[in-house]
Amino acid sequence: MSVAEKVLDQYSSRVYKNRKTHIVEINNNENENQIAANVRTIPGIMTQRGCCYAGCKGVVLGPIKDALQIVHGPIGCSYYAWGTRRHKGKNAEGVDNYLQYSFSTDMQEPDVVFGGEKKLKKAIDEAMELFHPSTIMICSTCPVGLIGDDIHAVAKWAEEKHNIKCIAFSCEGYKGVSQSAGHHIANNQLMKFIIGEGDRKIESKFSVNILGEYNIGGDGWETERILKRIGYEVVSVFTGDSSIEDLKNAHQANLSLVQCHRSINYIAEMIETKYGVPWMKVNFIGVKGTIETLRNIAKYFDNEELTKRTEEVIADELEKIIDDIEYYKTKLKGKTAALYVGGSRSHHYQTLLHDFGVSTVLAGYEFAHRDEYEGREILPFVKEDADSKNIESISVEPDPEKYHLYLQKEVLEKLRDEKLLSYYGGMAKEMEAGTYMVDDLNHFETEEFLKLLKPDIFFSGIKDKFVAQKSGILSRQLHSYDYSGPYSGFRGAVNFARDITMGIYTPAWSFIKAPWK
Ligand code: ICS
């Protein structure tokens, strides 16, 4: 029996049939690494997934520092989104910063019974009086959709009354099958109401957006530092440490860099269709990943000076970290890891682990779609179901005034053929034969796989971290970085290696006995 079969074998036949399609042994199956993804979790199974509201308010909107975000719903939902994701933001002159606040209508039973719109209006009036924001965002939680409060009408009312921008997001938690639905809803509204409105003067033709970078633990800052050193102008970051003014100007950049494909691919594509800005999948996690990414970007801009400068910066950055990298390699080489995070990092972090000779035995996503596993070539074959059809998909047209192309059409086509633009190859292709790829890995399967595969490190989140550690396996949180970071770029790689080396070599392990030993 293979490891996967040993895990699956413990299920009843119906659950077995379902879960079998979500577990793939790489290159060792008749379906060529095909996986079932973005479908409902079986009721009663302890999933690690989050909700639609988490994906919209928590993930995509949360890091926008000068939008005052009011959660319309019970206080628990608000509290959950209160900075726990560690998306950092600096104070800047003339830009409001609400990241330290949690704004909520604190819905109570009477509001659910008699309607909550009045309370929401009151909350907006109060926020205006206390903070004078120029933008307010309203995010719905489950009960709001159930009782039918019209938050879009309230947003319109607020715009007229207070002369501000007010955008409503119908991101009730129950929509879709995971937080992925919330990403899509947030993307749609940002595209409709913000992107394209700015007219800030862009200084450099080497101008980029960084999409799908939320500045967890300061990752975005390290990425920006490197790009700026080379000479790029970063027009906007979606949405780590960002302001509304940055996001408004995204259409003016000459290239969009996509770090997390899952959460922002909708905007990447729509900016391209509407404004002519192509997108490139990048990976700033891992030393090799960062170097390859920097060279790819230089290739797109195709400028001799810029290419030279890229190589100079790479050489200089490498020189500064090489001793540390070599040292940590001696500590980590030969170790094995399992990774289970949302919809992007389980792939990216394999590159970083590889830098230190750590191999991956299992990698999973909570809510990614098939393209993050199998690559975008699978998209024409993905069947829509009732759940995915429920989430609005908007289409855009080229803007008659703001559409601009940096490269000629033929050159763009060539780069697309080379898969340098508009392409993401997914995780499966880069995993070794015999390793495991799992979708929506649940609590039971986590424990079983850990017992059988015995990785040295399990990268995951707060919900399963301690189960792993109590069983004797080091666990680091890849969502929040356990209060550490940044882990991106050159300096981040050293931080990362230091943290896991400390974890593996702490004497604490000698006091723990794994239950199966
Ligand atoms: Fe993208 Mo936690 Fe990102 Fe990814 Fe996304 Fe989430 Fe976090 Fe995780 C996220 S946007 S919150 S890279 S910053 S929803 S760590 S898919 S699950 S792997």
Exercise. Apply side-chain contact (heavy atoms from CB on, under 4.5 Å) to the pair Glu292 and Arg295, showing each step before the final yes or no.
Key: CA-CA 5 Å; Glu292 198 190 307; Arg295 288 184 177 147; 5.9 Å; no
Quiz item: For the residue pair Cys77 and Thr141, what are the closest heavy atoms and their distance?
Solution: CB-CG2, 3.6 Å
Quiz item: To the nearest 0.5 Å, how far apart are CG in Asn215 and NZ in Lys88?
Solution: 8.0 Å
Practice problem: Quick one: sort the Tyr232 and Phe206 rings into parallel, tilted or perpendicular, breaks at 30° and 60°. | Solution: perpendicular
Exercise. Look at the side chain of Lys465 and the backbone N and O of Arg476, then say whether any donor-acceptor pair between them is shorter than 3.5 Å.
Key: no
Exercise. Could you label the plane-to-plane angle of the Phe367 and His183 rings as parallel, tilted or perpendicular, counting under 30° as parallel and over 60° as perpendicular?
Key: perpendicular
Quiz item: Under 6.0 Å from the six-membered ring centre of Tyr481 and within 45° of its axis: does the NZ or CZ of Arg86 meet both?
Solution: no
Self-check item: Min side-chain heavy-atom separation Val287-Leu318 under 4.5 Å
Solution: yes
Practice problem: Begin from the C-alpha positions of Ile64 and Gln69 and carry the test side-chain contact (heavy atoms from CB on, under 4.5 Å) through to its verdict. | Solution: CA-CA 9 Å; Ile64 309 171; Gln69 300 170 24; 4.1 Å; yes
Self-check item: Whether Phe103 and Tyr101 hold their rings parallel, tilted or perpendicular, with breakpoints at 30° and 60°
Solution: parallel
Practice problem: Before giving the answer on side-chain contact (heavy atoms from CB on, under 4.5 Å), spell out for Tyr275 and Ile195 the whole-Å C-alpha distance, their side-chain angles and the decisive distance to 0.1 Å. | Solution: CA-CA 10 Å; Tyr275 302 110; Ile195 297 165; 4.0 Å; yes
Quiz item: Does any non-hydrogen side-chain atom of Glu233 lie less than 4.5 Å from one of Gln252?
Solution: no
Quiz item: Please walk me through it: do His479 and Val341 pass side-chain contact (heavy atoms from CB on, under 4.5 Å)?
Solution: CA-CA 7 Å; His479 301 262; Val341 216; 3.3 Å; yes
Self-check item: Glu159, CD: over 12 other non-hydrogen atoms inside 6.0 angstrom
Solution: yes
Quiz item: Hey, is NE2 on His354 packed in by over 12 heavy atoms from elsewhere, all under 6.0 Å?
Solution: no
Self-check item: Separation of Arg345 CZ from Gln259 CD (nearest 0.5 Å)
Solution: 8.5 Å
Quiz item: Below 4.5 Å, heavy atoms only, C-beta onward: do Val237 and Asp246 meet side chain to side chain?
Solution: no
Exercise. Just say parallel, tilted or perpendicular for the rings of His261 and Trp279, cut-offs at 30° and 60°.
Key: tilted
Quiz item: Between Ile244 and Met137, is any pair of side-chain heavy atoms under 4.5 Å apart?
Solution: yes
Practice problem: Look at atom NZ of Lys333 and say whether more than 12 heavy atoms of other residues, nucleotides or ligands are closer to it than 6.0 Å. | Solution: no
Quiz item: So, do Met427 and Tyr365 sit near enough that their side-chain heavy atoms are less than 4.5 Å apart?
Solution: yes
Practice problem: Mind checking the CG-CZ spacing from Leu61 to Phe169? Nearest 0.5 Å is all I need. | Solution: 4.5 Å
Exercise. Go through the steps to decide whether Phe131 and Tyr98 satisfy the test ring pair (Phe, Tyr, Trp, His ring centres under 6.0 Å), and finish with yes or no.
Key: CA-CA 9 Å; Phe131 296 97; Tyr98 302 114; 5.8 Å; yes
Quiz item: Between atom CG of Asn38 and atom CG of Asp439, what is the distance when rounded to the nearest 0.5 Å?
Solution: 8.5 Å
Quiz prompt | For the student: nearest non-hydrogen atoms of Leu99 and His87, plus distance | solution = CD1-O, 4.0 Å
Quiz item: Going by atom types only, do Tyr423 and Glu377 share a side-chain donor-acceptor pair under 3.5 Å?
Solution: yes
Quiz item: To the nearest 0.5 Å, how far apart are CD1 in Ile378 and CZ in Arg376?
Solution: 12.5 Å
Quiz item: Does Val60 reach the side chain of Leu190, with side-chain heavy atoms less than 4.5 Å apart?
Solution: yes
Exercise. For the residue pair Phe496 and Tyr487, categorise the inter-ring angle as parallel (less than 30°), tilted (30 to 60°) or perpendicular (more than 60°).
Key: perpendicular
Exercise. Under the ring pair (Phe, Tyr, Trp, His ring centres under 6.0 Å) rule, what do Tyr300 and Tyr406 come out as? Steps first, then yes or no, please.
Key: CA-CA 10 Å; Tyr300 168 86; Tyr406 173 75; 5.7 Å; yes
Practice problem: Determine, step by step, whether Tyr327 and Thr501 satisfy the side-chain hydrogen bond (donor to acceptor under 3.5 Å, both in side chains) criterion, reporting the C-alpha distance in whole Å, the side-chain angles of both residues, the deciding distance to 0.1 Å, and the verdict. | Solution: CA-CA 10 Å; Tyr327 169 74; Thr501 303; over 6 Å; no
Quiz prompt | Intermediate values then yes/no, side-chain hydrogen bond (donor to acceptor under 3.5 Å, both in side chains), Ser236 and Asn209 | solution = CA-CA 5 Å; Ser236 72; Asn209 300 313; 2.8 Å; yes
Exercise. Answer yes or no: are there more than 12 heavy-atom neighbours, outside Asn163 itself, under 6.0 Å from its atom CG?
Key: no
Quiz item: How many angstroms lie between CG in Leu478 and CG in Leu339, if you round to the nearest 0.5 Å?
Solution: 6.0 Å
Quiz prompt | Phe284 and Glu222, any side-chain heavy atoms less than 4.5 Å apart | solution = no
Exercise. Measure from NZ or CZ of Lys320 to the centre of the six-membered ring of Phe490 and say whether it is under 6.0 Å with the direction within 45° of the ring axis.
Key: no
Quiz item: Is any side-chain heavy atom of His369 closer than 4.5 Å to a side-chain heavy atom of Arg262?
Solution: yes
Exercise. Would you please classify the geometry between the Tyr80 ring and the Tyr53 ring as parallel, tilted or perpendicular, with 30° and 60° separating the classes?
Key: tilted
